[in-house]
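Have a look at the structure below before the remarks.
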Amino acid sequence: MTLEKCSSCSRGECIKPVKVDTKPGKAAAKIRIEADGSYFQVNQDGEEQKLEKAKITLNDCLACSGCITSAESVLISQQSHGELCKVLAVNKAAAAHEQKVIVVSVSPQSRASLAARCKLGLLETAQRLTQFLKSLGVHYVFDTTFSRNFSLLESQREFVRRFHRQAEDKKALPMLASACPGWICYAEKTHGSFIIPHISTTKSPQQVMGSLVKGYFAEQQHLPPDRIYHVTVMPCYDKKLEASRPDFFNQEYQTRDVDCVITTGEVLKLLEQEGVSLSDVDPAPLDTMLSGAAEELSSHHGGGSGGFLEHIFTHAAKELFGIHVGSIHYKPLKNKDFQEVTLERDGEVLLQFALAYGFRNIQNLVQKLKRGKCPYDYVEVMACPSGCLNGGGQIKLEGESSKEELQQVERLYESLRAEIPEENQAVRELYEHWLGGWGSQRAQEMLHTQYHAVEKTNSALNIKW
Amino acid sequence: SWSPCGQYLASASFDGTTCVWKRQQDGFEVVATLEGHENEVKSVAWAPSGTLLATCSRDKSVWVWEVDDEEEEFECVSVLSAHTQDVKHVVWHPTLQLLASASYDDTVRLYREDDDDWLCCATLEGHTSTVWAVAWDSSGQRLVSCSDDRTLRVWQRQDSEGQGSGSEPSWKCVCTLSGYHGRSIYDVAWCHLTGAVATACGDDAVRVFEEVTPVSPMSPVTFGLAAHVARAHAQDVNGVAWHPREPGLLATCGDDGDIAFWQYQRPESL
């Protein structure tokens, strides 16, 4: 057995043993380490055999805490802007019938960070980024705000279902948000089967986009899913881990729903590498998955982490209690990253929601749950303090304090018109024609996922004092 | 660590938890178990105000907990990941809400509250190996650290002059005591009554140091060895503590399983 440590890990727990076939009946062999770091097994007859190195892929990562809210650049060879450049170069050189269609889906948080950095408006940023990516050989550039409509709608419906089920299923509530992969990794690894039933099964906007691109869009293009190379641009390193989950791998076509995730910071590196400033790039029309070019950008209510709490709250108030919620009042608790929203009627609390951002608030939430003292029906959980706009993959602005920088990105992000997911025509059309209606089997498959408790490995090798 | 009111005792455990015990008529009862650290908790310290508790762990983090007196509940207010290695010890400033931690990364770090979170406001670099423990003097103007590099270092607060009140004070090493200890120094205690500094050392000895009165205000800070018990314990000495009210009464513990009490008297010659 040889061991190799995952490059993105600061602890020893990601070490994955690889079994090397050994011939029975042989006495102990020696292992020699060559100058280049390779291992040779030398048996008693002097025969040499090069030992296989264990390759650590993202799937083997046990979500060490280093990956949560990590702002440092993590070397993940499978998913980087370098890998994207390689794929683009290979694709350009390939014969026509072997070429892939390259799709990039950009998150609205990344767009806001880029806009702040380049001192451009959001629409301009989107248009110029589209042109830049296309100049590199990308064929389509989409916006994950579109797929977020599905995540929001499915989360709303899932909450109402869980609310009705709470009498017979103790773990139906609180429902915990599922869009943050840092939180999911931590929950699966540290609190496993205790917390998993609480986590919403709704896919994140990134993974819904994966289903849309490799499902609907592939069908429209008359292409098998593996002929599309799908890249997302995200504010977060942990999105790379999310994309490489086995749940999002298409066995039949041996392809991932999202092939490569690059961070906002990596897009900036890509621009610098090409010697291009975004403000010098000509704007190009925006692509949409359905019907023609988009004239403008839109967003959702409820803040930079997707607005899950607000959408579910408003929907549930109407659906369960017939109450129309006009504006939502957040009540800060211990700190600005832990806030409460309550729906009351005649002094009676009908719904109690919270948002809990950052590791310290996640801790308090989990401890409350464990002690049976969690009063909430829904919690929007995000691993990063201040949420996704402050993600570890965002661009750090020079000469600005981190607070001012974040405020600038938040202002930009919130400057867009907010759309109502229920009212989006294209979303309706896809539900109707592609998914076979609300709550269909197909919608369940395409828009929901599952979680897996990670067994703790206690290896004596890892103990140090 | 005892709470300032004396009603609660907090204990750090190898199992990653910290327990808070309440004094009862016939013993102690666990009133809260603080979970969250990934692995063993190395040290716990109750803030002088009684409203905050700090813990540190091999998981490289320092946590600050807020105490809810009525409910006897503890909420994590901050997870501080400034250290790059195992954190060995945490201790609060005697009067301010300022926290110090010592680590395997050879540094001491200080933390203070900022808005609704905590931040690392100073890093004390100088030791060349693991810093095992830190202790404040009674005024809180000075801090002493002990290390695996066999030295003690005394750090003094330097208030930056002429700048706005917003500027952070810095901490400067004003004295390094080397050549006294034969092995790693595991613990240090600064007596708030007498000003004497006691150390627990891996060479089985207990030592006490005193500051030498400076000749002039400008002369360097020096400390001299005032007492030395060569074989205080049969094995490594791990911990040392001064009695909070009785001047000169010192307790030590060692790998030999013994707890020893010592009466220290300042030598005339100093």
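Numbers restart at 1 for each chain; the letters A, B, ... are given by sequence-line order, proteins then strands.
For Arg183(B), the CZ atom counts as loosely surrounded, since its 6.0 Å shell holds 12 or fewer non-hydrogen atoms of other residues, nucleotides or ligands. At most 12 heavy atoms of other shown residues, nucleotides or ligands fall within 6.0 angstrom of atom CD1 in Ile259(B).
Between the CZ atom of Phe359(A) and the OG atom of Ser61(B) there is a distance of 7.5 Å, given to the nearest 0.5 Å. Leu365(A) contributes atom CG, which lies 12.0 Å from atom SG of Cys76(B) (distance to the nearest 0.5 angstrom). Atom CH2 of Trp65(B) and atom CG of Asn364(A) lie 7.0 Å apart (nearest 0.5 Å).
The shortest heavy-atom contact between Gly36(B) and Gln367(A) is N-NE2, 4.4 Å. Glu35(B) and Gln363(A) make their closest contact through O-OE1, 3.9 Å (heavy atoms, listed as atom of the first residue, atom of the second, distance). Asp116(B) and Lys336(A) get closest at one heavy-atom pair: OD2-N, 2.7 Å.
For residues 9-21 of chain B, there are no salt bridge (charged side-chain N to carboxylate O under 4.0 Å, His left out) pairs, not counting sequence neighbours.
Two residues are said to be in side-chain contact when any heavy atoms from C-beta on lie closer than 4.5 Å; Glu75(B) and Lys368(A) meet this criterion.
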- When you look at Lys334(A) and Asp68(B), which way does the salt bridge (charged side-chain N to carboxylate O under 4.0 Å, His left out) test go after all the steps? CA-CA 12 Å; Lys334(A) 291 275 173 204; Asp68(B) 182 337; 5.7 Å; no
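With respect to chain A, the highest number of heavy-atom pairs below 4.5 Å among Asp117(B), Val77(B), Thr33(B) belongs to Asp117(B).
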